Amino acid sequence: MINEKPIEVAPDIFFIGAFDPDIRTFDIIMKTANGSSYNAYLIKTSEGVIIVDTVKIEFQEQFFKKIESLCTYDEIKYVILHHLEPDHAGAIPELMNRVKDDVKVLISPQATAMLKAITKRDNIDFETVWTNKSLKLGEKTIKFLTTPYLHWPETMSSYVEEDGLLFSGDVFGSHYYDRRLFDDLVSDFFYAFKYYYDHIMRPFKSYALNALKLYDKLDINIIAPLHGPILRQKPYKYIEYYRKWSQNDFKDVFHGKKVVSIFYLTSYKNTKDMAESIFEGAESVKGIIANVYDLASIEEQNMINILEESDGILIGTPTINADAPKPVWDLLSCMMLLEKRGKTGGAFGSYGWSGEAVEMILHRLKSLNFKVPPLEPMKIKLIPTQEELKQCYDYGVEFAEIVNGKMVEITMN
Ligand code: FEO
């Protein structure tokens, strides 16, 4: 087994997490070529011990051996849980079996139901904490920070005042195993740091910016995340990366204009012709920049980037076998990686028989929390006439005006 020994991170603060060098896929969607780690920490004080998070259940023996090398279970007074996803909460049930009954578990208010669901116990002595609450035990003072949705509702952070150490939860994490552990000792993990942000934090950018506002008030020497390297070499550079990536600042690129992106898929150019007329209409609206993309030949990463910078998204789809073709659904599945709030969506398409793909896409956009304006669905049977193309143009104008702020009543899901 790898590295049974705790590693001191700051005076009397130890890494007691587990290394998982062999994991190759995390949370179904993430590739982890360099493995990962489940970081947990132990704080020793003259008045007792604090455990900070746990590990995935398969790795709990590593975790318990490290605890046992530092203290007895009777010395543990508090357990702080920043995040209750099973990769960090896996060892909680067994930890609660080993510690004394009066150990207090500190969690965010949103974690209450999760704690019960994970431990299957009603008799855990827990207390909820949030920004401005703190814990003083012996020589250490821990301030709690409410940082929800990074990336679950119950996530929080905390800060050890005496050491300038931020326990950031999954924020600033990387799926990157390297037993040298500290950012100034491990190999180049930047790709994993960015990849982690893109897949885990990017859908919650506005929450990340809120968390940074709290972190900005702190004097941070070390960032101790729940995965990957501990960040102690110019930790503010990692904060600035998150700020830059979360700001959604495309002003320089689009000169302050709103962006309408029109994606289409076409068999016989009919939906393509519709897309181009809609484009002409959207582009004619002052303050709008419109673009058209053929879904048959666009890389996924480019799709994600375009979706992110778009204020309005229109999807043109034919109907094949009573469904939208796969590339259209693939486009929508990319939305899982993005923040949807504030984006406006619509759909259009040419069809031969029934044409239900357009309604299916509209329905999906609504369930993804897009603002879908109450415009007549732009559906055309087979080849659009000049008059129908004019209707497409008008639809593009109307949609772009709504993106640009024209008031219409939109019912959200
Ligand atoms: Fe690393 Fe969200 O668990």
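These numbers were taken from a predicted model, which means no experiment stands behind them. We count residues from 1, following the sequence as given. Both ligands and their constituent atoms are indexed starting at 1 by order of listing.
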Could you pull out all donor-acceptor pairs under 3.5 Å where a side-chain atom in residues 294-306 meets a protein atom, sequence neighbours excluded?
residue: Asp294; atom: OD1; partner: Ala296; partner atom: N; Å: 2.9
residue: Asn305; atom: OD1; partner: Arg202; partner atom: NH2; Å: 3.0
residue: Asn305; atom: ND2; partner: Gln301; partner atom: O; Å: 3.3

Sort out for me which residue in Ile13, Leu137, Val49, Asp12 forms a side-chain contact (heavy atoms from CB on, under 4.5 Å) with Ile43.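 Result: among Ile13, Leu137, Val49, Asp12, Ile13 is the only option passing the side-chain contact (heavy atoms from CB on, under 4.5 Å) with Ile43.
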When the ring planes of Tyr242 and Tyr197 are compared, do they come out parallel, tilted or perpendicular, using 30° and 60° as the limits?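 Correct class here is perpendicular.
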Which residues satisfy the side-chain hydrogen bond (donor to acceptor under 3.5 Å, both in side chains) test with Glu161, sequence neighbours excluded?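 Listed in chain order: nothing, the list is empty.
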With Thr146, which residues qualify under side-chain hydrogen bond (donor to acceptor under 3.5 Å, both in side chains), at least two apart?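 Scan of Thr146 (side-chain hydrogen bond (donor to acceptor under 3.5 Å, both in side chains), adjacent residues dropped) gives Thr131.
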Counting neighbours of CZ on Phe26 that are heavy atoms of other residues, nucleotides or ligands and sit closer than 6.0 Å, is the number greater than 12?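 Counting other residues, nucleotides and ligands, CZ of Phe26 exceeds 12 neighbours.
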Run through the protein N/O/S atoms less than 2.8 Å from atom 2 (Fe) of ligand 1 and write them out by chain and number.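 Result, waters dropped: His83 NE2, Glu85 OE1, His151 NE2, Asp170 OD2.
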